[in-house]
Amino acid sequence: MAHDDTKLVHTGRKPQDNFGVVNPPLYRASTILHPTLESWEGRKDGKNVHKIGHREVVYGLMGTPTQFSLMDALTALENGHDTLLVPSGMAACGICFLALAEPGAHFLVPDNNYLPVRNLANGHLKRIGCETTFYNPTITEQEMAALIRPETKLVWTESPGSLTFEMPDLRGIVAAARAKGVLTGTDNTYGAGYYLKPIDLGIDFSAHALTKYPCGGSDTMLGSVTTRTREQFDLIQDTYFAMGYSVSPDDAYTVQRGLRSMPTRLRQHYQNGLKVAEWLMDQPAVTRVLHPAMPHDPGHEIWKRDFTGANGLFAIIVDAPDRNRLKAMVENLELFGIGASWGGYESLITTAYPDKIRTAVPWTEEGQLLRIHVGLEDPDDLIADLKAGFDRLAGR
């Protein structure tokens, strides 16, 4: 199965083992019963009778065939060694740090990273004696090499960056880290494992908020980490078990079902998003559109090199000196909800303030940043809704 669309339809499903049922059954379990003492006592050394491929059904905490179905599909999509499921996208990012955290450890994190990861670095990791350096999101290979220390454990990336959509040079970052024996990880939620293949670029940990495009319905919290090697998988899994992580089989079932149609939805999000973004380029109140798939964007060449497509998420900067008019614009949109997360079928819009977050590279753009997620509605209807919003912003 060379193509991702085919992988996502077939991988992880075994209808012939389930009475011909197309979707893997929903197995809810804590206790797993063993028929013999040999099976019970051998459950940790490969003598367990309950096996599905290379996986063993040992206890509900460790997963059931429902979770395994999703894990196998994600591993195939990412071209990785194996995958673990965790309760959220933040848990997926966080476990990559926690697996390597120890007093004196040093981490490198981009300045435009997902805010909860920054909070983890400045909070819990700092309290246990770790140090984090926030770096320029457009750092060069040579500059990254200069930041890596003997105690550096992980170089974290996000492509593109949260809120402001800068494109990092993942290949250069990986080269710098690998030359010094340092692991790399990325938040691959934007690429969804479909448009970006971090493990093929040499990145060691690919983390996802499955909450978003794999689910597609804005109704499930779930995350995953796919690793490049078995050694890295064992490292993450050890922390996973130590922390008692587990995910609901119901959530895993929902996401694996959504994953089957993700390519079709992603392509529509991409198409709709570009149409809306191109329209926004011509609006007088819009001073900039931040969308790496558009030729004007500073990160476009890197995007074109590393990605095979985009989705419906981007940002704009608007000239909005009057707060009341901005409120009138956003709060009265009919098709754009105001809310966190993205990747569902619905369109969203939120304000964001990167100038209040960054520490390594100050955000100096003037105007109000609005993050937009273009859903699966007809883009002409979304444009009409935004046009009425801009009329309100202008006081018309």
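- Using a 4.0 Å cut-off between charged nitrogen and carboxylate oxygen, K275 and D380 count as a salt-bridge pair.
- With rounding to the nearest 0.5 angstrom, the OG1 atom of T184 is 9.5 Å from the CG atom of L201.
- A salt bridge links E365 with R288: the closest approach of a Lys/Arg side-chain nitrogen to an acidic carboxylate oxygen falls below 4.0 angstrom.
- The pair K304-D297 does not meet the salt-bridge criterion, since no charged nitrogen lies less than 4.0 angstrom from a carboxylate oxygen.
- Judged purely by atom type and a 3.5 angstrom limit, Q232 uses its side chain to pair as donor or acceptor with the backbone of T229.
- With sequence neighbours excluded, the residues satisfying side-chain contact (heavy atoms from CB on, under 4.5 Å) with D250 are L26, R28, S248.
- With hydrogens and angles ignored, the 3.5 Å screen pairs a side-chain donor or acceptor of H300 with a backbone N or O of P292.
- Rounded to the nearest 0.5 angstrom, E78 CD and T227 OG1 are separated by 10.0 Å.
- Between the side chain of K153 and the backbone N or O of L183 there is no donor-acceptor pair closer than 3.5 Å.
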Compile the donor-acceptor pairs under 3.5 Å between side chains in residues 326-344 and protein atoms, sequence neighbours left out, one pair per line.
| residue | atom | partner | partner atom | Å |
| --- | --- | --- | --- | --- |
| K327 | NZ | E331 | OE2 | 2.9 |
| N332 | ND2 | A328 | O | 2.9 |

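- Minimum heavy-atom separation, G202 to R178: O-NH2, 2.9 Å.
- Legend: residues meeting side-chain contact (heavy atoms from CB on, under 4.5 Å) with R118, ordered by chain and number and at least two apart, are D111, L115, N122, F134, I357, T359.
- Hydrophobic cluster membership of V182, counting Ile, Leu, Val, Met, Phe, Trp and Tyr whose side-chain heavy atoms lie under 4.5 Å apart directly or via other members: L108, Y135, I139, M144, L147, I148, V155, I173.
- For S159 (side chain) and N188 (main-chain N/O), no donor-acceptor pair under 3.5 Å exists by modelled atom type.
- E158 contributes a side-chain N or O that, together with a main-chain N or O of Y114, makes up a donor-acceptor pair within less than 3.5 Å.
- Contact of the H81 side chain with the E231 side chain is not registered, since no non-hydrogen atoms from C-beta on lie closer than 4.5 Å.
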Contacts table for residues 62-73: side-chain donor-acceptor under 3.5 angstrom, sequence neighbours left out:
| residue | atom | partner | partner atom | Å |
| --- | --- | --- | --- | --- |
| T64 | OG1 | Y27 | O | 3.2 |
| T64 | OG1 | T66 | N | 3.3 |
| T64 | OG1 | Q67 | OE1 | 2.6 |
| T66 | OG1 | P25 | O | 2.8 |
| T66 | OG1 | Y27 | N | 2.7 |
| Q67 | OE1 | T64 | N | 2.9 |
| Q67 | NE2 | V247 | O | 3.0 |
| S69 | OG | G12 | O | 3.0 |
| D72 | OD1 | R55 | NE | 3.1 |
| D72 | OD1 | R55 | NH2 | 2.7 |

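- When atom types are taken as modelled, the side chain of H34 and the backbone of T36 share no donor-acceptor pair closer than 3.5 angstrom.
- Between the side chain of E377 and the backbone N or O of S347 there is at least one donor-acceptor pair closer than 3.5 Å.
- Side chains of H291 and F165 form no contact here, defined as non-hydrogen atoms less than 4.5 Å apart.
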Could you tabulate the donor-acceptor pairs under 3.5 Å formed by side-chain atoms of residues 311-324, not counting sequence neighbours?
| residue | atom | partner | partner atom | Å |
| --- | --- | --- | --- | --- |
| N311 | OD1 | L313 | N | 2.8 |
| N311 | ND2 | Y190 | O | 2.9 |
| D322 | OD1 | N324 | N | 2.9 |
| D322 | OD1 | R325 | N | 3.0 |
| R323 | NH1 | Y353 | OH | 3.1 |

Show which side-chain atoms of residues 214-225 pair as donor or acceptor with protein atoms under 3.5 Å away, not counting sequence neighbours.
| residue | atom | partner | partner atom | Å |
| --- | --- | --- | --- | --- |
| S218 | OG | E346 | OE1 | 3.0 |
| S218 | OG | E346 | OE2 | 2.9 |

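- The CE atom of M243 sits 5.0 Å away from the CG atom of L98 when rounded to the nearest 0.5 Å.
- Linking ILVMFWY residues whenever their side-chain heavy atoms come closer than 4.5 Å, directly or via other members, leaves V86 and I199 in distinct clusters.
- Contacts classified as ring pair (Phe, Tyr, Trp, His ring centres under 6.0 Å) and involving residues 357-381 (residues at least two apart or in different chains) are given here: Y213-H373, H269-H373.
- Here CG of D306 is found 5.5 Å from CG of L170. Values are rounded to the nearest 0.5 Å.
- Proximity of H106 to T132: side-chain heavy atoms (C-beta onward) are nowhere separated by under 4.5 Å.
- Residues passing the side-chain contact (heavy atoms from CB on, under 4.5 Å) test with R305 are D169, R171, I302, sequence neighbours excluded.
- From L125, atom CG reaches atom CG of N119 across 11.0 Å, with rounding to the nearest 0.5 Å.
- Side-chain atoms of R265 come within 3.5 Å of backbone N or O of G258 as a donor-acceptor pair.
- Counting side-chain heavy-atom gaps under 4.5 Å among Ile, Leu, Val, Met, Phe, Trp and Tyr, V361 is found in no cluster with other residues.
- Expressed to the nearest 0.5 Å, how far CZ of F205 lies from CG of L154 amounts to 6.5 Å.
- Between the side chain of Q283 and the main chain of W279, a donor-acceptor pair closer than 3.5 Å is present.
- Applying the under-4.5 Å side-chain rule to Ile, Leu, Val, Met, Phe, Trp and Tyr, the cluster around Y345 extends to L376.
- Between W156 and F97, the ring-plane angle classifies as tilted under the 30° and 60° cut-offs.
- Judged as a side-chain contact (heavy atoms from CB on, under 4.5 Å), and not counting sequence neighbours, the contacts of T140 are Q142, E143.
- The closest side-chain heavy-atom distance from I128 to C130 is below 4.5 Å.
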